[in-house]
Participant: 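Mind having a look at this structure? Questions to follow.
Note that the coordinates shown come from a computational prediction; the quantities given were computed from them, not determined experimentally.
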Amino acid sequence: MHGEYKVPGGKLVAVDVEVDGGILTSASVSGDFFLEPDEALAVIERALVGQPDTTRASELAASIDAALAAAEADGELPGGATMVGFDAESVAIAVRRALGHATGWHDHSFELIHEAPQTAAFNAALDQVLTEELAAGRRGPTLRFWEWVEPAVVIGSFQSLRNEVDPEGAARHGVTVVRRISGGGAMFMEAGNCITFALVVPASLVDGLTFEQSYAFLNDWVLGALADVGVKATISGLNDIASPAGKLAGSAQKRLAGGAVLHHVTMAYDIDADKMLEVLRIGREKLSDKGTTSANKRVDPVRSQTGMPREQVIEAFKESFRARYRTVDSTLTPAELERAQELVATKFADPESTARVP
């Protein structure tokens, strides 16, 4: 059985394993990573043999780390092992994929949805609906681009409404406030100034990854898409995407018990930073780890770096995703639209629900 895992920003790890009676009886690790000394590879492989085939990735990684430490202490690896471009966790993830507990991008066919503008509340509801549909087995993995009709602030599931939004500024600019199901920070969104998309995937795709690692993993294709339009970008902190000139995007996640993950990204295209500051309350504590005292300077829009119309950037992103993964164009079903409408009325456009964290 063969499994592979490409470390975001790192190297490819491949593992071939054999199993007998629910126990790993052999393991061969390969890839384009760097490892010193050579003898460390045998130690890593030895740590995998004898493990039950149900062992979690964190436990496999701990076994590898313990084996390397023991080999150093025993003099088998004087000076220890140096792993570059990969680590014990990446080996463990590749093992889980080989055993069929985890999946890779190429194990799935993705549905791509990009439909007519809706309200921000309806878009937030659709994110929940599509995630629930995947968890129920009624829809496959899906990438959906938002289009919306009104200026909005979409706040994180756990944010305080009064701490994040200035009600006078919101009223002055006709801004709708919506609370989404994922955590993270507030997003100021006008119809033409952001690029927003939601990726709904099975939990198996991020099996073995920590929450922190899953952000980088699910954002990796976005870095490639940005590179395709001439923007050099990297992962910044837990969930941000940045260029040398400043922050480009933020992402957030929600995981459902049924085994589905919602990962969405909002990217600044041509943001009105002055208006944003009249609507959002961005305090000094929020900026304390960003290396700047001005929220205006935190965001560097895609338009200034590409010179491309927003629609053209979105089409380029779609093509970049299609080039990487098996993708088919899709649409929302009547049942999904009906369920989203129900959620708008009972949750996403309900003032009490929006203010549930006052």
Side-chain angles (χ1 to χ4, degrees), residues 8 102-116 118-148 154 156-157 178-184 187 189 194-211 213-225 239 241 249-267 314 317-318 320-322 324-344 347-348:
T103 58
W105 290 98
H106 298 291
D107 294 317
H108 302 284
S109 179
F110 292 84
E111 299 181 44
L112 176 61
I113 298 176
H114 189 191
E115 297 194 340
Q118 299 280 359
T119 64
F122 198 86
N123 274 298
L126 281 172
D127 276 1
Q128 176 175 331
V129 170
L130 294 182
T131 310
E132 291 174 343
E133 289 297 287
L134 187 145
R138 291 187 291 265
R139 171 175 284 279
T142 302
L143 173 64
R144 184 180 72 90
F145 284 85
W146 283 33
E147 295 292 351
W148 60 102
V154 181
S157 180
V178 177
R179 185 182 295 278
R180 63 181 185 268
I181 64 172
S182 62
M187 307 182 302
M189 304 166 52
C194 290
I195 298 170
T196 297
F197 46 88
L199 183 63
V200 180
V201 299
S204 62
L205 187 61
V206 295
D207 180 270
L209 300 177
T210 64
F211 275 89
Q213 291 169 330
S214 71
Y215 276 98
F217 179 72
L218 295 177
N219 279 333
D220 189 57
W221 79 270
V222 184
L223 302 187
N239 61 332
I241 297 172
S251 53
Q253 286 185 10
K254 177 67 176 179
R255 302 191 181 197
L256 300 188
V261 178
L262 168 66
H263 178 91
H264 45 203
V265 175
T266 290
M267 186 172 298
I314 292 175
F317 279 21
K318 291 181 189 177
S320 182
F321 192 86
R322 288 190 184 105
R324 282 173 170 244
Y325 313 121
R326 223 170 34 246
T327 306
V328 297
D329 291 336
S330 184
T331 58
L332 297 163
T333 68
E336 289 166 346
L337 292 168
E338 182 179 353
R339 172 62 176 153
Q341 203 64 261
E342 293 174 0
L343 286 172
V344 168
K347 182 176 182 180
F348 292 98

Participant: Of the options Thr331, Thr142, Val328, Asp329, which is the one that meets Leu112 in a side chain to side chain contact (heavy atoms under 4.5 Å, CB included)?
Facilitator: Asp329
Participant: Report the distance from atom CZ of Arg144 to atom CG of Leu332, rounding to the nearest 0.5 Å.
Facilitator: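 Output value for this atom pair is 6.5 Å.
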Participant: Establish, from distance only, whether the side-chain atoms of Thr196 and Thr266 form a donor-acceptor pair under 3.5 Å.
Facilitator: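 On atom types as modelled, these side chains qualify, holding a pair under 3.5 Å.
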Participant: Is it true that Arg339 and Glu133 make a salt bridge, defined as a side-chain N closer than 4.0 Å to a carboxylate O?
Facilitator: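 Salt bridge: no.
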Participant: With side-chain contact (heavy atoms from CB on, under 4.5 Å) as the test, would you mind laying out the steps for Met189 and Asn123 before giving the verdict?
Facilitator: CA-CA 12 Å; Met189 304 166 52; Asn123 274 298; over 6 Å; no
Participant: Would you confirm whether the ring centroid of His264 sits within less than 6.0 angstrom of the ring centroid of Phe197?
Facilitator: no
Participant: Quick check for you: to the nearest 0.5 Å, what is the distance between His263 atom NE2 and Thr131 atom OG1?
Facilitator: 12.0 Å
Participant: Can you tell me if Asp107 uses its side chain to pair, donor with acceptor, with the backbone of Gly104 under 3.5 Å?
Facilitator: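 At least one qualifying donor-acceptor pair exists.
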Participant: Show me, pair by pair, the donor-acceptor contacts under 3.5 angstrom made by side chains of residues 198-209, not counting sequence neighbours?
Facilitator:
| unit_1 | atom_1 | unit_2 | atom_2 | d |
| --- | --- | --- | --- | --- |
| Ser204 | OG | Thr103 | OG1 | 2.8 |
| Asp207 | OD1 | Arg96 | NE | 2.9 |
| Asp207 | OD2 | Arg96 | NH2 | 3.1 |

Participant: To the nearest 0.5 Å, tell me how far His106 NE2 sits from Arg324 CZ.
Facilitator: 8.5 Å
Participant: Could you go through the side-chain contact (heavy atoms from CB on, under 4.5 Å) check for Leu262 and Gln128 one step at a time?
Facilitator: CA-CA 8 Å; Leu262 168 66; Gln128 176 175 331; over 6 Å; no
Participant: Can you tell if the side chain of Cys194 reaches within under 4.5 Å of the side chain of Trp148, non-hydrogen atoms only?
Facilitator: yes
Participant: Given the ring of Phe211, does Arg255 sit roughly above its face, with NZ or CZ under 6.0 Å from the centre of the six-membered ring and within 45° of the axis?
Facilitator: yes
Participant: Taking C-beta and beyond as the side chain, do Val265 and Ser251 meet within less than 4.5 Å on heavy atoms?
Facilitator: yes
Participant: Would you say Trp146 and Leu126 make side-chain contact, with heavy atoms under 4.5 Å?
Facilitator: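 No, side chains not in contact.
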Participant: Closest approach of Phe217 and Pro8, non-hydrogen atoms and distance?
Facilitator: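 Shortest heavy-atom separation between Phe217 and Pro8 comes out as CA-CG, 3.7 Å.
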Participant: For the residue pair Arg180 and Val178, establish whether any side-chain heavy-atom pair is separated by less than 4.5 Å.
Facilitator: no
Participant: With rounding to the nearest 0.5 angstrom, report the CD to CG distance, Glu111 to Leu134.
Facilitator: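 These two atoms lie 9.0 Å from each other.
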Participant: Could you give the distance from CD (Glu336) to CD (Glu132), rounded to the nearest 0.5 Å?
Facilitator: 11.0 Å
Participant: Run the side-chain contact (heavy atoms from CB on, under 4.5 Å) test on Asn219 and Asn239 for me, step by step, so that the C-alpha distance in whole Å, both residues' side-chain angles and the decisive distance to 0.1 Å come before the verdict.
Facilitator: CA-CA 9 Å; Asn219 279 333; Asn239 61 332; 5.8 Å; no
Participant: Could you pull out the closest heavy-atom pair between Ser182 and Ala252, with the gap in Å?
Facilitator: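 What the structure gives for the nearest pair is OG-CB, 3.5 Å.
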Participant: With a 4.5 Å limit on heavy-atom distance, are the side chains of Ile195 and Ile314 in contact?
Facilitator: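 Contact flag for Ile195/Ile314 side chains = yes.
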Participant: Run the side-chain contact (heavy atoms from CB on, under 4.5 Å) test on Ser330 and Arg139 for me, step by step, so that the C-alpha distance in whole Å, both residues' side-chain angles and the decisive distance to 0.1 Å come before the verdict.
Facilitator: CA-CA 11 Å; Ser330 184; Arg139 171 175 284 279; 3.8 Å; yes
Participant: Might you point out which heavy atoms bring Gln253 and Tyr215 nearest each other, and give the distance in Å?
Facilitator: N-OH, 3.2 Å
Participant: Assert yes or no for the condition that the ring centre distance of Phe110 to Trp105 is strictly below 6.0 Å.
Facilitator: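 Between Phe110 and Trp105, the centre distance is under 6.0 Å.
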Participant: Please enumerate all residues that pass side chain to side chain donor-acceptor pair (under 3.5 Å) together with Glu147, with sequence neighbours excluded.
Facilitator: His114, Arg310
